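As the structure is a prediction and not an experimental result, all values here were calculated from the model. The first residue in the sequence is number 1, and the count goes up from there. Values below: every heavy atom of this structure, side chains too, minus hydrogens, waters and symmetry copies.
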Amino acid sequence: MNRLIIVGGGVAGASSAYFAAQRGWQVTVVDCGQHAASDVPSALLNPVRGQSGQVPARAAEGLALTWELIATLTAAGYDVPHGRSGVIRPVPDERTQTKFNRNLAELPHEWWDSAAVPELRFGWHAALYLPQGGWVDGPALCRSLLAASGAGVVRGRVEATDGQGSAVLKGGEALEADAVVWCGGSFGTQTQRPAHLGARPLQSHRAGTLLTLQDSPGPLPLSFGGYLAPAAQGGVLGATFERPAAEWSVPQLPLTSLDWLLGKGRALRSLRDLQVRGRWSGTRLSGLRLGQAGPAEWELSGLGSKGFLLGPLLAHELVAQLG
Ligand SMILES: Cc1cc2nc3c(=O)[nH]c(=O)nc-3n(C[C@H](O)[C@H](O)[C@H](O)COP(=O)(O)OP(=O)(O)OC[C@H]3O[C@@H](n4cnc5c(N)ncnc54)[C@H](O)[C@@H]3O)c2cc1C
């Protein structure tokens, strides 16, 4: 049986482990437990992006595969809190509605009168309902994928790979395998890049925060600028909003950012009845890298804000390339 090392156990690494094990690889996932964007407490599965309303290529396919995985894991007894409820994208004016409409094409959707969503604050022009969207608990999905894959999990930091399928951990321990898949996310760009991978590609890091809430803000996630969504416990108000940076750094929550986030939340819904339970800050990496990076090395990173929408789909494709 061929041995595979996967660096990183976030949604990219855990999905790769799951699909590789299905194809007969003996998988070891190495994770240093430092920072995972995939720990996001409630990730939206939202095919219509940002305030531009872009629909990424293959969004519908990605969405369908993520839901299929969640259903399979749940049927097998894994606890993956999620809501296949649909997502509401309110739009402020007719111009934005027209812009969104241009991208929707075949994607199932309905335009609602904004008053039809009781939680939504008064004043939105219309509400786009995306019935195939929803939310998922990020860490629970990754944990379940890893457990279901049967992969060995090693806590350690990979300091180097040799391009031939082996990795060296901090402390000097060498792990031998036939191939390596690099899924180190934003934090992983801290690792010295082996010479065989060439110059580091242009990727950017962007931090954001989710305030975790005692209670759910409502049954349907609301998203425009920021998002309010149910979570395994209560709910969240969150967004990725800090300036893009060239390097990873420990994500912070400047007061001005908190102010911005509360403003986005307030625009969506009254915040009066909601209590903050805690906060989670994370950094995501943009600039997709998918494919072969060395003779026996592959990479899946830079999933941006679409980690749960496209991560499993792209991991499935990557693993097929391994042979
Ligand atoms: C605030 C915020 C909100 C978000 N909201 C959404 C959302 O609503 N919907 C959505 O789809 N996406 C969302 N995202 C994006 C999503 O979280 C990411 O796209 C996705 O989690 C990235 O997954 P990944 O596996 O590539 O990286 P990560 O989850 O960061 O995983 C990388 C892993 O590699 C490990 N690692 C790194 N280097 C090494 C090394 N040298 N050795 C060993 N281990 C290493 C790290 O410890 C980590 O566990 C959000 C991100 C943020 C920050």
Side-chain angles (χ1 to χ4, degrees), residues 37-54 81-83 85-93 96-97 99-100 111-130 133-139 206-244 251-284 304-309:
S38 303
D39 282 345
V40 56
S42 178
L44 288 193
L45 291 175
N46 168 22
V48 178
R49 314 299 307 166
Q51 298 186 26
S52 63
Q54 293 293 328
H82 66 277
S85 50
V87 168
I88 297 285
R89 305 287 330 269
V91 292
D93 48 43
T96 313
Q97 183 176 21
K99 191 166 68 174
F100 272 43
W111 283 103
W112 291 356
D113 183 333
S114 57
V117 187
E119 290 79 18
L120 197 56
R121 193 180 269 284
F122 177 76
W124 291 92
H125 173 69
L128 175 64
Y129 174 60
L130 299 161
W135 63 273
V136 62
D137 182 304
R206 194 146 198 203
T209 289
L210 269 67
L211 298 177
T212 55
L213 307 171
Q214 294 285 10
D215 298 307
S216 168
L220 290 174
L222 307 175
S223 166
F224 194 85
Y227 66 96
L228 278 153
Q233 292 173 34
V236 298
L237 164 59
T240 335
F241 42 74
E242 305 297 355
R243 258 170 214 274
Q252 310 283 341
L253 177 57
L255 276 178
T256 49
S257 302
L258 178 60
D259 190 41
W260 181 93
L261 179 60
L262 291 172
K264 293 293 174 194
R266 247 189 326 262
L268 286 166
R269 179 197 192 282
S270 163
L271 302 182
R272 254 185 221 172
D273 57 331
L274 297 174
Q275 313 288 332
V276 174
R277 195 160 55 84
R279 76 135 166 148
W280 174 85
S281 296
T283 309
R284 61 170 165 79
S305 60
K306 303 181 282 284
F308 292 84
L309 182 69

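- A side-chain contact (heavy atoms from CB on, under 4.5 Å) with P221 is found for exactly one of S42, P230, S216, namely P230.
- In this structure, D93 contributes its side chain and T96 its backbone to a donor-acceptor pair below 3.5 Å.
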After noting the C-alpha distance and the side-chain angles of L211 and L261, does the key distance pass the side-chain contact (heavy atoms from CB on, under 4.5 Å) rule?
CA-CA 9 Å; L211 298 177; L261 179 60; 4.0 Å; yes

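- Not one N or O on the side chain of T212 forms a donor-acceptor pair closer than 3.5 Å with the backbone of V236.
- Inspection of the S281 and Q252 side chains reveals no N or O donor paired with an N or O acceptor under 3.5 Å.
- Side-chain atoms of T256 and D259 form no donor-acceptor pair, as typed in the model, at a separation below 3.5 Å.
- Between Y227 and W135, the distance separating the two ring centers is not shorter than 6.0 angstrom.
- For the pair R89 (side chain) and Y129 (backbone), a donor-acceptor distance under 3.5 Å is absent.
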Evaluate S38 against F308 for side-chain contact (heavy atoms from CB on, under 4.5 Å), listing each step before the verdict.
CA-CA 8 Å; S38 303; F308 292 84; 4.0 Å; yes

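- Between L222 and the choices L237, V87, I88, the side-chain contact (heavy atoms from CB on, under 4.5 Å) rule is met once, by I88.
- Side-chain atoms of W124 come within 3.5 Å of backbone atoms of A267 as a donor-acceptor pair (strictly under, hydrogens ignored).
- Counting heavy atoms from C-beta on, the side chains of R277 and Q233 come closer than 4.5 Å.
- In summary, the side chains of T283 and R206 do not present any donor paired with an acceptor at a separation below 3.5 Å, with no hydrogens or angles considered.
- A side-chain donor-acceptor contact under 3.5 Å links R49 to the backbone of N46.
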